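Everything below concerns the one structure shown next.
Starting from 1, each residue takes its place in the sequence as its number. Heavy atoms only: backbone and side chains are in, while hydrogens, waters and symmetry mates are out. Predicted, not measured: the structure shown is a model, and the values here were computed from it.
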Amino acid sequence: MKLQQVKVDENNEEKILFSTDEFNFQKADLVLAFGERTFLEKATPFQKLKSLYPNAQIVICSTSGQISNTNLVEKNLVATAIALDKTTIKVSEIDILLNSDIQVLGNKIKKDLLTDDLKSILIISEGSFINGTELINELILQTNELIPIFGGLAGDEYNFEKTIVGLNNDASSGKIVAIGFYGDAIHFGFGSEGGWSDFGPEREVTLSKKNILYKIGDRYALDLYKEYLGKYADELPGSSLYFPLSMKENENSEPIVRTILAIDEENKSMTFAGNIPIGSMVRLMKGNFDKLIDASYNAAELIRKKQKKNQN
């Protein structure tokens with residue numbers, strides 16, 4: 001496998017950030033490109049990427065910030081091109097604005113991608129209104145729990161207006177892209193570490209519907225959330241990126257992070273990227289940049305150790 005990463009500015013001028021030896025533009029199989037939604041809508045970078053990597057499947061996704069090496073990159077697109085020596089890929093795109101039935105989505109991905117030599121699926125999904133829990137559960141069902149699934153939801157900086165994703169086209173609303181990797185020459189690993197700090201008491205969810213949280217204890221969720229945010233409450237919904245929820249479905253569950261997608265001032269509710277069932281226990285969390293950096297390093301080191309063990 002060979003890699004190349006480029007940065008593209010709003011004038012569609014590119015700069016190579018790094019490249020492995022003898023990288024061939026013509027042989028790139030997959031390009032993963034990330035940029036702020038407002039930048040992507042202005043620059044429309046697909047044709048530029050297509051000219052650089054004419055034979056690749058090109059996926060473009062809006063974000064809340066791009067990282068290259070150890071640097072945060074703003075107001076530029078960061079694209080990573082991948083040339084796979086012995087691995088093949090297939091892609092599938094679904095427009096959930098045309099059909100929001102999660103089972104239809106799962107059936108299409110199964111039809112397009114599922115074969116005996118499928119090794120893994122990478123999902124790049126719009127992040128404005130998709131329920132991440134239902135999306136992943138449907139894919140697990142359609143793949144009989146046999147295929148590792150990776151990926152994430154698109155972002156929109158601090159705007160919380162809309163997210164955009166595109167496959168072999170400029171990004172637009174409502175798109176979900178699935179990429180299948182095939183053959184025995186590629187292996188996948190994962191590591192997960194939390195870099196958030198809990199604060200405040202643990203409370204029970206008393207009213208919710210799937211990923212919409214209405215009440216925590218006897219309080220409306222949004223009222224309680226604002227009370228704990230203090231001065232940051234005036235910056236909602238943007239400030240919610242720094243204050244997700246920690247959730248345990250029951251007392252024996254491992255806590256997981258639930259990120260906020262939207263708030264509803266009228267109903268005093270909050271919509272999250274995954275389900276928050278009634279009876280689950282939640283605590284507020286806050287960002288700690290040092291802990292987040294350390295956690296990302298530890299997760300990467302965990303992957304390295306697992307891969308090395310598997311090779312021995």
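In summary, the side chains of T63 and Q66 do present a donor paired with an acceptor at a separation below 3.5 Å, with no hydrogens or angles considered. Side chains of S128 and T163: a donor on one and an acceptor on the other come within 3.5 Å. Side-chain polar atoms of Q5 and T80 form a donor-acceptor pair below 3.5 angstrom. Between the side chains of Q57 and N168, a donor-acceptor pair is found at a separation under 3.5 Å.
K286 forms a cation-pi arrangement with F199, by the criterion of a distance under 6.0 Å to the ring centre and an angle within 45° of the ring axis.
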> Can you list the steps and then say if K7 with S68 is a side chain to side chain donor-acceptor pair (under 3.5 Å)?
Replying inline: CA-CA 9 Å; K7 180 172 68 174; S68 175; over 6 Å; no
>> Walk me through whether R37 and E157 qualify under side chain to side chain contact (heavy atoms under 4.5 Å, CB included).
In response: CA-CA 8 Å; R37 189 260 305 169; E157 298 179 86; 5.7 Å; no
>> Could you go through D264 and L222, starting from their C-alpha distance and side-chain angles, then the distance that decides it, and tell me whether this counts as side chain to side chain contact (heavy atoms under 4.5 Å, CB included)?
In response: CA-CA 8 Å; D264 185 334; L222 186 56; over 6 Å; no
> For S173 and L97, what are the C-alpha separation, side-chain angles and deciding distance, and is it a side chain to side chain contact (heavy atoms under 4.5 Å, CB included)?
Replying inline: CA-CA 8 Å; S173 296; L97 297 181; 4.2 Å; yes
>> Using the rule given for side chain to side chain contact (heavy atoms under 4.5 Å, CB included), can you reason through I216 versus T206, listing the C-alpha separation, both sets of side-chain angles and the distance that settles it, and then say yes or no?
In response: CA-CA 6 Å; I216 301 172; T206 53; 5.8 Å; no
Atom pairs and distances, side-chain donor-acceptor, residues 272-283, under 3.5 Å, sequence neighbours left out:
unit_1: N275; atom_1: OD1; unit_2: N131; atom_2: ND2; d: 2.6
unit_1: N275; atom_1: OD1; unit_2: N211; atom_2: N; d: 3.3
unit_1: S280; atom_1: OG; unit_2: P277; atom_2: O; d: 2.6
unit_1: R283; atom_1: NE; unit_2: G200; atom_2: O; d: 2.9
unit_1: R283; atom_1: NH2; unit_2: G200; atom_2: O; d: 2.9

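L236 CG to L229 CG: the interatomic distance, rounded to the nearest 0.5 Å, is 5.5 Å. Within the model, atoms OG of S120 and CD1 of I186 stand 8.0 Å from one another, a figure rounded to the nearest 0.5 Å. Atom NZ of residue K291 and atom OG of residue S296 lie 13.0 Å apart, to the nearest 0.5 angstrom. Interatomic distance, CD1 of I140 versus CG of L146, reported as 11.0 Å (0.5 Å rounding). The distance from the CG atom of L105 to the CD1 atom of I123 is 7.5 Å, given to the nearest 0.5 Å. To the nearest 0.5 Å, atom NZ of residue K215 and atom OG of residue S269 are 12.5 Å apart.
For the residue pair G127 and L261, the shortest heavy atom distance occurs at O-CD2, 3.1 Å. Contact between K27 and A83 at its shortest, heavy atoms only, is O-CB, 3.5 Å. Contact between N12 and T44 at its shortest, heavy atoms only, is ND2-O, 4.3 Å. The nearest pair of heavy atoms linking E251 to K248 is O-NZ, 3.5 Å. Smallest separation of non-hydrogen atoms from S62 and G155: OG-O, 2.7 Å. Of all the heavy atoms in G106 and Q142, the pair that sits closest is O-CG, 3.5 Å.
The side-chain heavy atoms of I109 and E138, taken from C-beta on, include no pair separated by under 4.5 Å. Residues L135 and L139 meet the side-chain proximity criterion, which asks for heavy atoms closer than 4.5 Å. Counting heavy atoms from C-beta outward, I96 and D101 have side chains that stay 4.5 Å or more apart. Contact annotation: the side chain of I260 never approaches that of L245 to less than 4.5 Å [non-hydrogen atoms, C-beta and beyond]. Contact of the K90 side chain with the Y182 side chain is registered, since non-hydrogen atoms from C-beta on lie closer than 4.5 Å. The closest side-chain heavy-atom distance from I256 to S246 is not below 4.5 Å. Between M247 and V205 there is no side-chain heavy-atom pair separated by less than 4.5 Å. Looking at K175 and E126, their side chains never come closer than 4.5 Å, going by heavy atoms from C-beta outward.
Ring-centre distance between F188 and F150: below the 6.0 Å cut-off. The aromatic ring centroids of F243 and Y232 lie less than 6.0 Å from each other.
Note on K42 versus E10: salt bridge recorded, some NZ/NE/NH1/NH2 to OD/OE distance being below 4.0 Å. Salt-bridge check for K226 with E265: passed, with a basic side-chain N closer than 4.0 Å to an acidic carboxylate O. A salt bridge is defined here as a Lys NZ or Arg NE, NH1 or NH2 lying under 4.0 Å from an Asp or Glu carboxylate O, and E41 with K162 meets this definition. Ionic pairing of E14 and K48 is present here: one or more N-O contacts between side-chain nitrogen and carboxylate oxygen are shorter than 4.0 angstrom. The pair K108-D112 counts as a salt bridge, with a side-chain nitrogen and a carboxylate oxygen less than 4.0 angstrom apart.
If you chain together ILVMFWY residues whose side-chain heavy atoms come under 4.5 Å of each other, V6 ends up grouped with V8, I16, F23, F25, V31, F39, L40, F46, L49, L52, Y53, I58, I60, L77, I164.
F160 and L153 are not part of a single hydrophobic cluster, where members link through side-chain heavy atoms under 4.5 Å apart. Hydrophobic clustering of Ile, Leu, Val, Met, Phe, Trp and Tyr side chains at less than 4.5 Å, counting indirect connections, keeps I89 apart from I121. One hydrophobic cluster, built from ILVMFWY side chains closer than 4.5 Å, holds both Y228 and M270. Using a 4.5 Å cut-off between side-chain heavy atoms of Ile, Leu, Val, Met, Phe, Trp and Tyr, with links allowed through other members, I149 and F181 fall into different hydrophobic clusters. Following chains of ILVMFWY side-chain contacts shorter than 4.5 Å, one can reach M1 starting from F190, so the two form part of one hydrophobic cluster.
Heavy atoms of other residues, nucleotides or ligands lying less than 6.0 angstrom from CG of D117 number more than 12. No more than 12 heavy atoms of other residues, nucleotides or ligands lie within 6.0 Å of OH in Y220, so this atom counts as exposed by the packing criterion. Other residues, nucleotides and ligands place no more than 12 heavy atoms under 6.0 Å from the NZ atom of K209. Counting non-hydrogen atoms of other residues, nucleotides and ligands closer than 6.0 Å to CZ of F18 gives a total above 12.
Remark: the backbone N or O of L284 is not paired with any side-chain donor or acceptor of Y225 at under 3.5 angstrom. Within the 3.5 Å criterion, the main-chain N or O of L114 finds no donor-acceptor partner in the side chain of K110. Between the side chain of N11 and the backbone N or O of E13 there is no donor-acceptor pair closer than 3.5 Å.
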